[in-house]
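Side chains are part of it too, since the values below use all heavy atoms of this structure and drop only hydrogens, waters and symmetry mates.
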Amino acid sequence: MPETTTAVRKHNAAKESTSRTTARARAARKRAILVQSARALVLVAVLGLWEWFARTSVIDPFNFSMPSKVWDQLKDWIQHGTAQGPLWEQVWTTLQEALIGWAIGVAAGVVLGIGLGRARFLADVLGPYIKVLNALPRIVLAPIFLIWFGLGPASKVASAVVLVFFPVFFNAFQGAREVDRNLVANSRILGASNRQVTLQVVIPSATSWIFTSLHVSFGFALIGAIVGEYIGATKGIGLLVATSQSTFNAAGVYAAMVILAVVALLAEGLLTFLERRLFRWKPAQPGADH
């Protein structure tokens, strides 16, 4: 009899646990739907007010344009291309420059960040110089890169690299410094070499820090490529912005910004997906989207 009672209790506890899990999942789905709906409403409200203000001349439609004209400009670019060539070619040019600059900046930032995080003497020696370089307004280097590398992709890649490098470097450096000292000490006791400690303890521990910087660094890479193209280029979204501005085509400027926003959101979504796949073991943050 006591065994039967215990079995019944376990069964009831299992049912309660399952029901609680189901309730939490249902609540999470409802919250996700509510958040997405609120986001859509905010977007619709902003675009609707913008269109209404422009049509009623509350704001100057020549300077501020309106969503309908921006949409018409996008359709025209998609169907007939731009003055510089097909729209996809401009998008790909900018995306390629940003991706190359992002990859180089991330690689350099991770290597130097982990390296200096592990080598305290070098960090103390080079620290002031890195801080001075980080304090410089790096976006003004774009004209210098244009002089050095010309109108081609190299000058845009260089602009992207200098914007990406520092956030990745500081996160990798901090991640290397924040490694659990007990893990390092235990690895030493087990006979791990410096190289093994770095590869098997420090880098995995710093990975979450590095991924945090990747979310913002790709946006910086896009900014670097766009600014470089705006100053001087033969193709790219930045050139579309510059051309639209020079012809007082406000709709063209906003249309180029919409394209950039879509590219940035797609990149952010891909990085978030990869991060969740790599860090499935981490507990979800309270209030995080599911």
Side-chain angles (χ1 to χ4, degrees), residues 93-179 181 198 202-203 205-233 236-239 241-242 245 253 256-257 260-261 263-265 267-268 271-272 275:
T93 297
T94 300
L95 186 59
Q96 189 176 32
E97 293 163 351
L99 284 172
I100 294 173
W102 181 73
I104 296 173
V106 167
V110 169
V111 170
L112 288 176
I114 296 293
L116 292 185
R118 295 283 294 148
R120 187 172 295 274
F121 176 76
L122 284 178
D124 291 340
V125 172
L126 299 178
Y129 299 104
I130 294 175
K131 290 178 181 178
V132 168
L133 291 174
N134 183 50
L136 294 176
R138 293 181 295 279
I139 204 70
V140 300
L141 295 174
I144 298 176
F145 292 144
L146 187 65
I147 295 172
W148 289 355
F149 304 116
L151 293 175
S155 58
K156 289 70 180 175
V157 170
S159 297
V161 168
V162 297
L163 289 178
V164 169
F165 170 79
F166 286 98
V168 176
F169 167 81
F170 284 115
N171 271 44
F173 179 81
Q174 192 64 29
R177 286 291 180 90
E178 294 292 331
V179 175
R181 299 302 174 190
T198 300
V202 176
I203 292 179
S205 297
T207 303
S208 59
W209 286 80
I210 295 169
F211 256 92
T212 300
S213 67
L214 297 187
H215 288 279
V216 295
S217 63
F218 186 77
F220 288 155
L222 278 175
I223 291 172
I226 292 297
V227 170
E229 291 170 350
Y230 183 85
I231 294 174
I237 301 175
L239 182 59
V241 174
Q245 184 186 26
V253 175
M257 292 170 63
L260 281 175
V263 171
L265 286 175
E268 173 67 18
L271 285 172
T272 301
E275 184 176 19

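With values rounded to the nearest 0.5 angstrom, T94 atom OG1 is found 10.5 Å from L99 atom CG. Here the straight-line distance linking atom CG of L260 with atom CG of L95 works out to 10.0 Å at 0.5 Å rounding. Atoms CZ and CD1, on F169 and I114 in that order, are 10.0 Å from each other to the nearest 0.5 Å.
Checked against V227 for a side-chain contact (heavy atoms from CB on, under 4.5 Å), the options V241, L222, I139 give a single hit: I139.
Taking Q245 as the reference, Y230 meet the side chain to side chain donor-acceptor pair (under 3.5 Å) condition, with sequence neighbours excluded. Applying the side chain to side chain contact (heavy atoms under 4.5 Å, CB included) rule to A123 yields the partners L116, F173, R177; only residues at least two apart in sequence or on another chain are considered. Every residue two or more places apart in sequence or in another chain that forms a ring-ring contact (aromatic ring centres under 6.0 Å, His included) with F218 is listed here: W102.
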List, one per line, each side-chain donor-acceptor pair under 3.5 Å for residues 145-168, sequence neighbours excluded.
residue, atom, partner, partner atom, Å
S155, OG, G150, O, 3.0
S155, OG, G152, O, 3.2
K156, NZ, L151, O, 2.7
K156, NZ, G152, O, 3.3
K156, NZ, G232, O, 2.6
S159, OG, S155, O, 3.1

Could you tabulate the donor-acceptor pairs under 3.5 Å formed by side-chain atoms of residues 125-134, not counting sequence neighbours?
residue, atom, partner, partner atom, Å
N134, OD1, R138, NH1, 3.1

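Closest non-hydrogen pair, A98 versus A225, comes out as N-CB, 4.2 Å.
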